[in-house]
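Comments concern the structure below.
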Amino acid sequence: MIKTKQFAKEMTKEQLTDHLKETVIPKEGTIPAYILGDESVYHLEHEKVFLKTWVFVGHESEIPNKNDFMTRELSGYSIIITRTGDDEINAFYNMCTHRGMKLCRADKGNKRTFQCPYHGFNFRNTGECIGVPLQKDIYSEDFDRSKLGLNQVRIESYKGLLFATWNEEAEPLIDFLGNLTWYLDLLVGRAEMEVVGEPQRFIVNANWKVGSDNFVGDSYHTMVTHGSIAKLGMVPSATYSKRGYQIHTENGHGLNLGMPNPVFAFPEELKEEFKSNLTKEQYEVLSNMKNMIGNVFPNLSFLISHTEIKGQPISNTSVRMWRPIGVNKMEVTAWMLVEKNAPQEWKDRSRDAFILTFSPSGIFEQDDTEVFTDITIAASGSMPFQKNLTYNYTMGLQRETVDFVGPGVAYGDKFSEASQRNFYKYWLELMTKE
């Protein structure tokens, strides 16, 4: 019989915060199911996590030319990201400062100015208001357009990855990323990288944390969920996903690094470019990398995958964002990246590998999203909260760490849940912060 217990939705914010402190216990590997399916938790996340921290919004190569722009969502609000005539990247809230109309309704383009479709106010792509219809006739002579500039959004870049935040007091991006940058260099700093095509977008009826949880440290599921790839000969065995290291760093970031690899997974022609951009230790890791799967807190997951396609080895690089649009729904946006100076034939094969594996129609993506959906359904409603159903995150809890050439806390293979515990530890810190 279900015990009578106050629903989360009936709690005050303070009561919910206290309940999270009591029931979310990452250090013991205890994570309650209700945090994936409760509306109150979802709304508190928006306030405490997504409005406070750095969130990925795109890649610099998507706006390569002066006066290019793109519109993106930042924690539920539309922003315009522009590359100005001075080659600077800025971001602004996509709202006219006159009456609040959405200023730009295009996904991307090239414009020096933006005109509001409501009353026609004009703004430069640097944010200044430069035109007001009939200003001399209908406003006073001392009307000051300088006070109508667009609301600027903090935006910073790391190796082409663009992050933005609504929090003016947030630490600099480089501090937030911390030691994870050593591994992001392998992802996007090994060479000049560019986005291939448009980002792929699709909806999954699942809580965003399930996606981040999966990428931050779960290679264990590969044996079963993706068991078909061994049968297809794409990997040597179902247990190949265990070999390598699990590593986590500060602020909830983490990754699994698959090693060793007897085959160099990247374009041979670019070895000198890789060596010039990486340290000796980083290049050695890159040279022996089979794959790298990780997550930048809160919801940017990254992947280097190496498989055989039609008998030929090829790697592909991608990042994906799990954007929450409801407690049980997220928009997944996936960017495929490639070395800009790689041969076109290599780029084409890498793109084919991405489409086959981690695109919306890919083998892995379909496997994962089916699981994500069912996990969320099972966590929804009042019963998981009332009965305090919990997940077991104790894998590797008693294991010793190992030395690794890169920074962070490392374990000697990828079958551990230390990175997930680290993820939820930081999530809980933000959720219960005054």
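Below, all heavy atoms of this structure are taken into account, side chains as well, without hydrogens, waters or symmetry copies. We number each residue from 1, following the sequence as shown.
A salt bridge does not link D68 with K108: every distance from a Lys NZ or Arg NE/NH1/NH2 to an Asp or Glu carboxylate oxygen is 4.0 Å or more. Ionic pairing of R190 and E339 is present here: one or more N-O contacts between side-chain nitrogen and carboxylate oxygen are shorter than 4.0 angstrom. In this structure, E194 pairs ionically with K347, as a charged nitrogen and a carboxylate oxygen lie closer than 4.0 Å. Salt-bridge check for R154 with E156: passed, with a basic side-chain N closer than 4.0 Å to an acidic carboxylate O. Ion pairing between a basic and an acidic side chain is recognised when a charged N comes within 4.0 Å of a carboxylate O; E88 and K66 show no such pairing.
Shortest non-hydrogen contact noted between A379 and Y391 is CB-OH, 3.6 Å. Between L428 and V24, the closest heavy-atom pair is CD2-O, 3.4 Å. The nearest pair of heavy atoms linking G412 to Y245 is CA-CD2, 4.2 Å. Minimum interatomic distance between G37 and V327 (heavy atoms only, all atoms of both residues): C-CG2, 3.6 Å. What you find for Y42 and G326 is that their closest heavy atoms are OH-N, 3.1 Å. In this structure, S350 and S315 approach most closely via the heavy-atom pair OG-O, 2.7 Å.
Looking at T376, its side chain does come within 3.5 Å of a backbone N or O of F372 through a donor-acceptor pair. A donor-acceptor pair is defined here as one N or O able to donate and one able to accept, closer than 3.5 Å; no such pair exists between the side chain of S301 and the backbone of S212. Using modelled atom types, no side-chain atom of T82 and backbone atom of T84 make a donor-acceptor pair closer than 3.5 Å. Looking at S61, its side chain does come within 3.5 Å of a backbone N or O of V195 through a donor-acceptor pair. Under the 3.5 Å distance criterion, the side-chain polar atoms of K209 are matched with a main-chain donor or acceptor of I35. In this structure a side-chain-to-backbone donor-acceptor pair under 3.5 Å is missing from E47 to L44. At distances below 3.5 Å, not a single donor-acceptor pair connects side-chain atoms of N90 with backbone N or O atoms of T126. In this structure, R83 contributes its side chain and I63 its backbone to a donor-acceptor pair below 3.5 Å. Proximity of a side-chain donor or acceptor of N295 to a complementary backbone N or O of V216 within less than 3.5 Å is not detected. Side-chain atoms of T71 come within 3.5 Å of backbone N or O of A106 as a donor-acceptor pair.
Between Y411 and F404, a ring centre-to-centre spacing not shorter than 6.0 Å is recorded. The aromatic ring centroids of F297 and H248 lie 6.0 Å or more from each other. A ring-centre distance under 6.0 Å is not found for F163 and Y158. For F385 and H19, the gap between ring centers is short of 6.0 Å. Aromatic rings from Y283 and F274 are positioned such that their centres are separated by 6.0 Å or more.
Ring planes of Y77 and Y93: perpendicular class, angle over 60° (limits at 30 and 60°). Between Y424 and Y393, the two ring planes are perpendicular [angle over 60°; tilted spans 30° to 60°].
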Can you give each donor-acceptor pair under 3.5 Å made by side-chain atoms of residues 48-57, sequence neighbours left out, with the distance rounded to 0.1 Å?
{"residue": "K48", "atom": "NZ", "partner": "K433", "partner atom": "O", "Å": "2.6"}
{"residue": "W54", "atom": "NE1", "partner": "E171", "partner atom": "O", "Å": "2.7"}

What pairs of donor and acceptor atoms, side-chain ones from residues 265-272 against any protein atom, are under 3.5 angstrom apart with sequence neighbours left out?
{"residue": "E268", "atom": "OE1", "partner": "K271", "partner atom": "NZ", "Å": "3.0"}

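In this structure, K159 places its NZ atom where more than 12 heavy-atom neighbours from other residues, nucleotides or ligands lie under 6.0 Å away. Counting non-hydrogen atoms of other residues, nucleotides and ligands closer than 6.0 Å to CD of E284 gives a total of 12 or fewer. Residue-environment remark: CZ (R349) exceeds the threshold of 12 foreign heavy atoms within 6.0 Å. Taking a 6.0 Å sphere around CZ of F143, one finds it holds more than 12 heavy atoms contributed by other residues, nucleotides or ligands.
Using a 3.5 Å distance cut-off with no hydrogens or angles, the side chains of E45 and W208 do pair a donor with an acceptor. In summary, the side chains of N94 and S78 do present a donor paired with an acceptor at a separation below 3.5 Å, with no hydrogens or angles considered. No side-chain N or O of W335 forms a donor-acceptor pair with one of S318 less than 3.5 Å apart. For the 3.5 Å distance criterion, the side chains of D185 and N277 fail to qualify, holding no donor opposite an acceptor. For the 3.5 Å distance criterion, the side chains of T165 and N167 fail to qualify, holding no donor opposite an acceptor.
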Given side-chain contact (heavy atoms from CB on, under 4.5 Å), test L162 with E60 step by step and report yes or no. CA-CA 7 Å; L162 293 168; E60 287 187 25; 3.8 Å; yes
Decide side-chain contact (heavy atoms from CB on, under 4.5 Å) for F123 and C96; before the verdict, give the C-alpha distance in whole Å, the side-chain angles of both, and the deciding distance to 0.1 Å. CA-CA 9 Å; F123 302 85; C96 176; 3.9 Å; yes
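Rounding to the nearest 0.5 Å gives a distance of 12.5 Å between NZ of K425 and CD1 of I31. L161 CG to L187 CG: the interatomic distance, rounded to the nearest 0.5 Å, is 6.5 Å. If you take CG on L257 and CG on N291, they are separated by 7.5 Å, rounding to the nearest 0.5 Å. The NZ atom of K21 sits 12.0 Å away from atom CE of M431, with the distance rounded to the nearest 0.5 Å. Atoms CD1 and CG, from I130 and L148 in turn, are 12.5 Å apart once rounded to the nearest 0.5 Å. We find the CG-CZ distance between L337 and F354 to be 9.0 Å, quoted to the nearest 0.5 Å.
Residue pairs meeting the salt bridge (Lys or Arg N to Asp or Glu O under 4.0 Å) criterion with at least one partner in residues 110-132, sequence neighbours excluded, do not occur; the list is empty.
Residue H253 is tested with W427, F215, F176, Y183 for a ring-ring contact (aromatic ring centres under 6.0 Å, His included); the sole match is F176. Checked options Q246, K414, K242; the residue passing with N256 is Q246 (criterion: side-chain hydrogen bond (donor to acceptor under 3.5 Å, both in side chains)).
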